[in-house]
Participant: 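Okay, here's the structure, questions in a sec.
Counting begins at 1 with the first residue of the sequence. Predicted model, so just to flag it, every value in this text is computed and none were measured.
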Amino acid sequence: MAAQPLIRTKQREEVINGTPTQVVCTEFSNYVFVVLTQYGKIGSLISVTPDSRSTDISTTMFTTKVLLGKDEPLTHVCAKHLVTFISQEAGNKPVLLGLALKDTNIEAIKAMKDMLKRCQVW
C-alpha cells in the first residue's frame with residue numbers, strides 16, 4: 001500500500017486576459033502555501049490568517065499581513081478575495097500567498113480564483 005506524501009503540491013499554467021499565469025499550491029500540515037504569478041516570481045508575500053476573535057461563529061474574519069513587498073490596500077483586497085476560500089476549505093488553516101500580478105481587474109481576479117480551485121491540494 002503506497003503511503004500518502006507528507007507535502008502535497010499541484011501547479012497549473014493558464015493564459016488569463018492574454019497574460020500567462022502560473023499557480024503552485026502546496027499543503028503543509030499547519031498551513032497552505034500558494035504562489036500566483038504573472039511575472040515568474042514570488043512577488044509580495046502575504047499572510048492570510050483566520051481571526052479567532054470573531055464574534056459570530058458562522059462568519060470567519062481574516063487578517064492579512066504583507067510580510068515582504070509593497071504594503072498597499074489593493075494587495076490586501078486581492079489576497080483576501082483570492083485565498084480566503086482556501087483557508088475555509090482547509091479547515092481554517094492560515095495561507096501564505098506569494099502574489100505577483102500584472103492584471104488586477106475583477107474579471108482577471110475571478111479567473112485566477114477559478115484557477116486556484118482547479119489546483120486544489122487541501
Participant: Would you indicate whether the side-chain heavy atoms of Met115 and Arg12 approach each other to under 4.5 Å?
Facilitator: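 Yes; the side chains approach each other to less than 4.5 Å.
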Participant: Counting C-beta onward and ignoring hydrogens, is there a side-chain heavy-atom pair between Val23 and Val35 closer than 4.5 Å?
Facilitator: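 They are not in side-chain contact.
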Participant: Counting only heavy atoms not in Lys117, do more than 12 sit closer than 6.0 Å to its NZ atom?
Facilitator: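 More than 12 within 6.0 Å, yes.
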Participant: I'd like to know whether Phe62 forms a side chain to side chain contact (heavy atoms under 4.5 Å, CB included) with Gln88, so could you lay out the CA-CA distance, the side-chain angles of the two residues, the decisive distance to 0.1 Å, and finally the verdict.
Facilitator: CA-CA 10 Å; Phe62 289 88; Gln88 291 168 332; 3.7 Å; yes
Participant: When rounded to the nearest 0.5 angstrom, what is the spacing between SG in Cys78 and NZ in Lys113?
Facilitator: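 Between atom SG of Cys78 and atom NZ of Lys113 there are 12.0 Å.
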Participant: Short question: side chain of Ser87, backbone of Lys93 - any donor-acceptor pair under 3.5 Å?
Facilitator: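 Checked: pair present.
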Participant: Going hydrophobic residue to hydrophobic residue with side-chain gaps under 4.5 angstrom, can you get from Leu68 over to Tyr31?
Facilitator: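 Yes, one cluster joins them.
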Participant: Using a 4.5 Å cut-off on heavy atoms from C-beta on, say whether the side chain of Gln11 contacts that of Gln22.
Facilitator: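 Side-chain contact under 4.5 Å: no.
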Participant: Does Val95 belong to the same Ile/Leu/Val/Met/Phe/Trp/Tyr cluster as Val77, with side-chain heavy atoms less than 4.5 Å apart forming each link?
Facilitator: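 Hydrophobic grouping puts Val95 apart from Val77.
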Participant: Kindly give the heavy-atom pair with the smallest separation between Ala100 and Gly43, and that separation in Å.
Facilitator: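 Closest heavy-atom pair between Ala100 and Gly43: CB-CA, 3.8 Å.
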Participant: Just how far is it from atom CD1 of Ile86 to atom SG of Cys25, taken to the nearest 0.5 Å?
Facilitator: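 So the CD1 of Ile86 and the SG of Cys25 are separated by 5.5 Å.
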Participant: Indicate if Phe33 and Met112 have the same hydrophobic cluster label, given that clusters are the connected sets of ILVMFWY residues with side-chain heavy-atom separations under 4.5 angstrom.
Facilitator: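 Different hydrophobic clusters.
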Participant: Within a strict 4.5 Å, meaning less than it, do heavy atoms of the Glu13 and Pro20 side chains meet?
Facilitator: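 Of all side-chain heavy-atom pairs linking Pro20 with Glu13, at least one is under 4.5 Å.
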Participant: State yes or no: do Ile42 and Leu36 share one hydrophobic cluster built from I, L, V, M, F, W and Y residues joined by side-chain heavy-atom distances below 4.5 Å, directly or via other members?
Facilitator: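 Different clusters.
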Participant: Taking NZ in Lys110 as the centre, count heavy atoms belonging to other residues, nucleotides or ligands within less than 6.0 Å. Is the count above 12?
Facilitator: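 Result for NZ/Lys110: open.
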Participant: Could you give me the CA-CA distance, side-chain angles and deciding distance for Leu99 and Leu101, then say whether side chain to side chain contact (heavy atoms under 4.5 Å, CB included) is met?
Facilitator: CA-CA 6 Å; Leu99 197 60; Leu101 303 179; 3.7 Å; yes
Participant: Out of curiosity, Lys10 NZ to Thr26 OG1, how far, rounded to the nearest 0.5 Å?
Facilitator: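 Those atoms lie 12.0 Å apart.
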Participant: So which atom in Thr64 and which in Ala79 form the shortest heavy-atom distance, rounded to 0.1 Å?
Facilitator: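 Closest heavy-atom pair between Thr64 and Ala79: CG2-CB, 4.4 Å.
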Participant: Kindly determine whether Leu116 and Leu82 satisfy side chain to side chain contact (heavy atoms under 4.5 Å, CB included), including the steps that lead there.
Facilitator: CA-CA 8 Å; Leu116 285 169; Leu82 286 166; 4.2 Å; yes
Participant: Mark yes or no for whether Thr84, through its side chain, and Lys80, through its backbone, hold a donor-acceptor pair below 3.5 Å.
Facilitator: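 Looks like yes, one N/O pair under 3.5 Å.
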Participant: Would you say Gln38 and Thr21 are linked by a side-chain donor-acceptor pair, where the criterion is simply a distance under 3.5 Å?
Facilitator: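 Checked: Thr21/Gln38 side chains pair up, N/O donor to acceptor below 3.5 Å.
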Participant: Determine whether a donor-acceptor pair (N or O, by modelled atom type, separation under 3.5 Å) exists between the side chain of Arg8 and the backbone of Val121.
Facilitator: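 Between the backbone of Val121 and the side chain of Arg8 there is a qualifying donor-acceptor contact (under 3.5 Å).
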Participant: Does a side-chain heavy-atom distance below 4.5 Å link Ile46 with Thr75?
Facilitator: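 Answer yes - side chains close enough.
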Participant: Determine whether Val32 and Leu96 satisfy the following criterion, side chain to side chain contact (heavy atoms under 4.5 Å, CB included), listing intermediate values before the conclusion.
Facilitator: CA-CA 6 Å; Val32 178; Leu96 186 59; over 6 Å; no
Participant: Does some side-chain heavy atom of Val24 sit less than 4.5 Å from a side-chain heavy atom of Val34?
Facilitator: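 With C-beta onward as the side chain, the pair stays apart.
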Participant: Locate the shortest heavy-atom distance separating Pro50 from Asn92; write the atom from each residue and the value.
Facilitator: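 For Pro50 and Asn92, the tightest heavy-atom pair comes out as CG-O, 3.1 Å.
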Participant: Verify whether one side chain among Trp122 and Glu89 offers a donor that lies under 3.5 Å from an acceptor in the other.
Facilitator: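 Result is yes, a qualifying pair exists.
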Participant: What's the separation between atom CD1 in Ile109 and atom CG in Asp103, rounded to the nearest 0.5 Å?
Facilitator: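 Going from CD1 on Ile109 over to CG on Asp103, the span is 7.5 Å.
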Participant: Are Val83 and Leu67 grouped together when hydrophobic residues (ILVMFWY) are joined by side-chain heavy atoms under 4.5 angstrom apart?
Facilitator: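 Val83 and Leu67: separate clusters.
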Participant: Using a 3.5 Å distance criterion without hydrogens, assess whether the side chain of Thr9 forms a donor-acceptor pair with backbone atoms of Ile7.
Facilitator: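 Not confirmed, Thr9 side chain does not pair with Ile7 backbone.
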